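Order of appearance sets the numbers: ligands from 1, and atoms from 1 within every ligand. For clarity, every value in this text was computed on a predicted model and none was experimentally measured.
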Amino acid sequence: MPVHLVDQYHDAACRINPALLENRALLLLDLLQCREQVFSLVLVDDSAMAEYNHRYRKKNTPTNVLSFPARDGDEQFPGQGAELGDVLISVDTAKVEARRENKSIHHRLTELIIHGLLHLLGYDHERSEQEALAMWDREQELFRQLRHKTNSSIERRTMPHLAINVDHVATVRQARGITEPDPVLAAGICELAGAEGIVVHLREDRRHIQDRDVLLLRQTVKTKLNLEMGAAKEIINIALDLKPDMITLVPEKRKELTTEGGLDIIAGEKKLAKTIQKMSKAGIPVSIFIDPDAAQIEAAVDVGATFVELHTGRYCDATSEKERDLEFRLIEQSAELAFESGLRVNAGHGLDYLTTGRIAALPTIEELSIGHAVISRAVLVGLDQAVREMLAIVRRPFPGQ
Ligand code: PXP
């Protein structure tokens, strides 16, 4: 392996994804045409970095990155190409810088890897202003090229799936307190129209979907049943008995009309990790509904989620094109980070016949979970047609499939 990643940073509260950094370092070696060379990437904390900085540069403070180019006669990794040297990065300092610059920790660490690698290759911003400018330009260019490379290496293997949330069929039924309309029947119609999954949220207050619904859906859904739920003991036990094809953990508040924000994984990490362990033992994959936020994605990896579902609500609710573009970029970048971190990525909430197309075209997104827009349209044109119209939008980038 041309990159030797040595992780000496041991802070349980910090979510670093070594595989992601290693992958980016490899792509950088490619971009620098150093594929045949090797280097070590060492992650340390501030106190270790302060020692190195004192020993080699006579400075008494930590720093973000130190590079040690290989010298003639340095030991080579057996059977491998020429040794470039070592890049040491203090994750503590990188974290502070990431926060200050409003970047994800992986974004900042990637910038520091680029900086360190360029030093190994002879760039030095301390020699002159001209060299400092040349190094800065190269860093920016490499970061852009790396983004392009990671984007183009993300290829969709299948078209995105459409999963229909039938909660609101049950909402209409509950308004009358009788048996119609039946969300179980609705789920069957959605599947016949081509939906690839059915989603229901069994709320603790049972305001729409009832226990009877999930039991019947488990028996009748032919595609995939995704049970949305809060991490409450009673509902966890129901899910463990029911064994849906997957669950999506969402925050649940009694007073909300619908799920409001994403789940704060960092705040509830222990409880979530325990819930995920229980589900894993029962063979049930877990998705977590989160806001498009780098720290939450990193936390989702840590707690062992298989999927994240990115909250598209702010993108859908945007009141200007500028705001919508900003929210879209956030979803796009978050989906890339999640995908690169090894998570499978779904998206949903608030998507309608106008906002879905752009999200469906993102190559990192596997499945869209859509409820209100489709059920509302179904009241006017029928459920079969409403699902088919949405499917045409979701599949638009894949004509003929
Ligand atoms: N995803 C999650 C996690 C949700 O809670 C909901 C709403 O139940 C949806 C998707 C679907 O949202 P909408 O009904 O706005 O399409």
Side-chain angles (χ1 to χ4, degrees), residues 160-172 174 183 186-187 190 195-209 213-214 217 224-232 235 239 244 246-265 272 285-293 296 300 305-318 327 331 334-335 338 343-360 365-379 383 386-387 389-391 393-394:
H161 284 172
L162 172 63
I164 300 288
N165 179 317
V166 293
D167 289 352
H168 291 319
V169 178
T171 304
V172 177
Q174 297 310 108
C190 293
E196 286 100 350
I198 299 298
V199 188
V200 284
H201 184 172
L202 185 67
R203 283 183 167 267
E204 270 191 286
D205 63 11
R206 305 297 198 275
R207 68 173 70 162
H208 38 52
I209 293 295
D213 300 330
V214 292
L217 285 167
K224 199 173 75 182
L225 179 63
N226 178 352
L227 183 68
E228 250 183 55
M229 52 183 270
I235 307 287
M246 65 182 284
I247 64 160
T248 299
L249 291 170
V250 298
E252 198 174 297
K253 296 189 205 115
R254 286 285 159 110
K255 288 205 176 121
E256 68 191 356
L257 281 177
T258 177
T259 318
E260 281 168 357
L263 201 58
D264 184 350
I265 306 181
L272 282 170
V286 178
S287 177
I288 310 183
F289 183 57
I290 54 168
D291 291 327
D293 175 278
Q296 295 295 338
T306 303
F307 293 82
V308 282
E309 179 179 329
L310 297 177
H311 194 327
T312 47
R314 280 210 309 268
Y315 155 75
C316 295
D317 293 343
E327 294 298 338
I331 293 169
S334 303
L343 291 161
R344 296 172 68 179
V345 190
N346 295 339
H349 212 287
L351 292 171
D352 63 18
Y353 292 84
L354 294 176
T355 50
T356 296
R358 221 170 153 191
I359 300 290
I365 290 184
E366 233 178 90
E367 185 165 284
L368 300 173
S369 168
I370 306 183
H372 189 263
V374 172
I375 304 305
S376 304
R377 184 142 181 82
V379 173
L383 186 52
V387 173
E389 286 174 7
M390 188 55 91
L391 269 171
I393 292 168
V394 169

Visitor: Which atoms from ligand 1 have a heavy atom of S369 less than 4.0 Å away?
Guide: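 In order of numbering, the contacting atoms are 1 (N), 10 (C), 11 (C).
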Visitor: Side chain, backbone, both or neither: which part of E309 has a heavy atom under 4.0 Å from ligand 1?
Guide: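 Under 4.0 Å from ligand 1, E309 contributes side-chain atoms alone.
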Visitor: Using a 4.0 Å cutoff against the non-hydrogen atoms of V250, which atoms of ligand 1 qualify?
Guide: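 Close to V250: 3 (C).
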Visitor: For L368 and M390: C-alpha separation, side-chain torsions, deciding distance, then whether side-chain contact (heavy atoms from CB on, under 4.5 Å) applies.
Guide: CA-CA 11 Å; L368 300 173; M390 188 55 91; over 6 Å; no
Visitor: Provide the number and element of each atom of ligand 1 under 4.0 Å from a heavy atom of G350.
Guide: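 In order of numbering, the contacting atoms are 12 (O), 13 (P), 15 (O), 16 (O).
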Visitor: Within a distance under 4.0 Å of any heavy atom of F289, pick out the atoms of ligand 1 and give their elements.
Guide: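 So the answer, numbered in order with elements, is 3 (C).
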Visitor: Test side-chain contact (heavy atoms from CB on, under 4.5 Å) on M229 and L249 and set out the steps.
Guide: CA-CA 5 Å; M229 52 183 270; L249 291 170; 4.1 Å; yes
Visitor: H372 heavy atoms, cut-off 4.0 Å: which ligand 1 atoms fall inside?
Guide: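 Ligand 1 atoms under the 4.0 Å threshold to H372: 13 (P), 14 (O), 16 (O).
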Visitor: Indicate the atoms forming the closest heavy-atom contact of E309 with S287, along with that distance.
Guide: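 In terms of heavy atoms, the two residues are closest at N-OG, 3.5 Å.
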Visitor: Going by atom types only, do H201 and E252 share a side-chain donor-acceptor pair under 3.5 Å?
Guide: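 E252 and H201 do have a side-chain donor-acceptor pair below 3.5 Å.
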Visitor: Would you say G371 and ligand 1 have an N/O pair spaced under 3.5 Å apart?
Guide: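 Yes.
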Visitor: Of V308, N226, V199, which meets side-chain contact (heavy atoms from CB on, under 4.5 Å) against T248?
Guide: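 In the set V308, N226, V199, the residue that makes a side-chain contact (heavy atoms from CB on, under 4.5 Å) with T248 is N226.
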Visitor: Angle between ring planes, H168 versus H208, binned at 30° and 60°: parallel, tilted or perpendicular?
Guide: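 Judged by the thresholds at 30° and 60°, the geometry between H168 and H208 is perpendicular.
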Visitor: How close does the nearest protein non-hydrogen atom get to atom 8 (O) of ligand 1, and which residue and atom is it?
Guide: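 Looking only at protein heavy atoms, the one closest to atom 8 (O) of ligand 1 is N165 ND2, 3.3 Å.
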Visitor: Verify, without hydrogens or angle tests, whether D352 (side chain) and A373 (backbone) share a donor-acceptor contact under 3.5 angstrom.
Guide: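 Not at all, since once roles are kept as given, no pair shorter than 3.5 Å links the two residues.
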Visitor: Which atoms form the tightest heavy-atom contact between N346 and F307, and what is the distance?
Guide: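 Minimum heavy-atom contact is ND2-CD2, 3.6 Å.
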Visitor: Which of the atoms in ligand 1, numbered in the order shown and given with their element, are less than 4.0 Å from a heavy-atom of I370?
Guide: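 Those atoms are 16 (O).
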Visitor: Looking only at protein heavy atoms, which one is nearest to atom 4 (C) of ligand 1, and what is the separation?
Guide: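 Result: E228 OE2, 3.2 Å.
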Visitor: Starting from atom 6 (C) of ligand 1, which protein heavy atom do you reach first, and at what distance in Å?
Guide: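 Going atom by atom, the protein heavy atom closest to atom 6 (C) of ligand 1 ends up being H349 CD2, 3.5 Å.
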